[in-house]
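Numbered from 1 within each chain, the chains take letters A, B, ... in sequence-line order. Just so it is clear, the model here is predicted, and its values are computed rather than measured.
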Amino acid sequence: MAYSEKVIDHYENPRNVGAMNKEDGGVGTGMVGAPACGDVMRLQIKVNAQGIIEDAKFKTYGCGSAIASSSLVTEWVKGKTLDEAMTIKNSHIAEELELPPVKIHCSVLAEDAIKAAVEDYRSKQGAAQSSQGGEAVSAQVAH
Amino acid sequence: MPNSCIQCGAELNFPPAFCHACGTVQPFRPELSLFEVVGLPASFALDPQTLRQRVLDLQKMLHPDRFAHADGTARRYSLEWSTRLNEALAILRDPLKRADYLLQAQGVDALGENVKVADPALLMSQMMYRERLEDLVAAKDQQGLEDLRTEVDAAANAAVEKLGILLKTLPCSQSDAAAALLRELQFLDKLQDEIDRSEESSQNL
């Protein structure tokens, strides 16, 4: 099976590889895995006080398509609001990377990872707010 | 259900590839489970040696040389049985595939392409194994790789043992727990492959 040029580009020059401190209240971490191919994916976002994703990092152990899908998503989410990030669909990723049908599940994994990261961030904010009696600054976008 | 020999009419025993009375190869039966094809009871606690011997014995009887002068139908039957036996050996000798086969038989798809894992503890441990592997490869730490392999093997053996308990009585009543173990085992299996590949490539440096 041949990879598209875009997949190869992301695979050879992955963007935003790395890790953030997941204990940081401004960081959301999403971890997902696909047992069928043994892939593990971690995607992290750093959200500023305006609720904008200002940085994103990923680490993926898996095939080229899984790496490319997560690399692409970190590029896409930077500068987006959390709600905008939640609208990313695996079909957009698959289309952009020209993934063949057998690799669609890799893009699904990347969609799940970004959603999990946003949810993690939101639950942290919710926990911080309730522990401070609801007076905490909200970095959340209305949803 | 063709339960008697097409040649002599004797009742067929398991495995039913041959008539035990007259030795005639029987029509292939695609509906039989892999366990039925090899003539062993469906169970997770299967002895790989017994399985291997069973398949070898049957394959000897199905060898194409024996059917060189047989008619086309008998040749086709023997080929069909033989192909299915190879499949049975490949799946049933591997604890991961055997457990998956048993769970699938009761409608549980633990490892399908669309199955996703969100268990944070499992994902975290897999991520840590992978990061450690990456560091060891970068440091060309051969001993470290071997230690990691030993550790992962122990984790895989522990998962197989736990699966053995859950799959002791079939159908498995705790299929969610068994499916979770199977997924863990699948991750460990892929990790073992990856460690082996890393060891090979570092030895070739």
Checklist outcome for this item: Sorted by chain and number, sequence neighbours left out, salt bridge (charged side-chain N to carboxylate O under 4.0 Å, His left out) with A:Glu98 holds for A:Lys6
Checklist outcome for this item: side-chain contact (heavy atoms from CB on, under 4.5 Å) filter on B:Ala70, not counting sequence neighbours, yields B:Phe67, B:Ala74
Checklist outcome for this item: Whatever's closer than 4.5 Å to a heavy atom in chain B on A:Ile104 counts as neither
Item to check | Closest non-hydrogen atom pair, A:Val40 against B:Leu123 | outcome: CG1-CD2, 3.8 Å
Could you list each donor and acceptor atom pair linking chain A to chain B at less than 3.5 Å?
from     : atom 1 : to       : atom 2 : distance (Å)
A:Gly33  : N      : B:Val117 : O      : 3.2
A:Gly33  : O      : B:Val117 : N      : 2.8
A:Pro35  : O      : B:Gln186 : NE2    : 3.0
A:Ala36  : O      : B:Gln186 : NE2    : 3.2
A:Arg42  : NH1    : B:Glu131 : OE2    : 3.3
A:Arg42  : NH2    : B:Glu131 : OE2    : 3.4
A:Lys59  : NZ     : B:Glu134 : OE1    : 3.2
A:Lys59  : NZ     : B:Glu134 : OE2    : 3.2
A:Tyr61  : OH     : B:Glu134 : OE1    : 3.0
A:Asp112 : OD2    : B:Lys116 : NZ     : 2.9

Checklist outcome for this item: Taking every heavy atom of A:Pro35 against every heavy atom of B:Ala110, the minimum-distance pair comes out as CG-O, 4.2 Å
Item to check | Counterpart residues, side-chain hydrogen bond (donor to acceptor under 3.5 Å, both in side chains), relative to A:Lys46 (two or more places apart) | outcome: A:Asp24
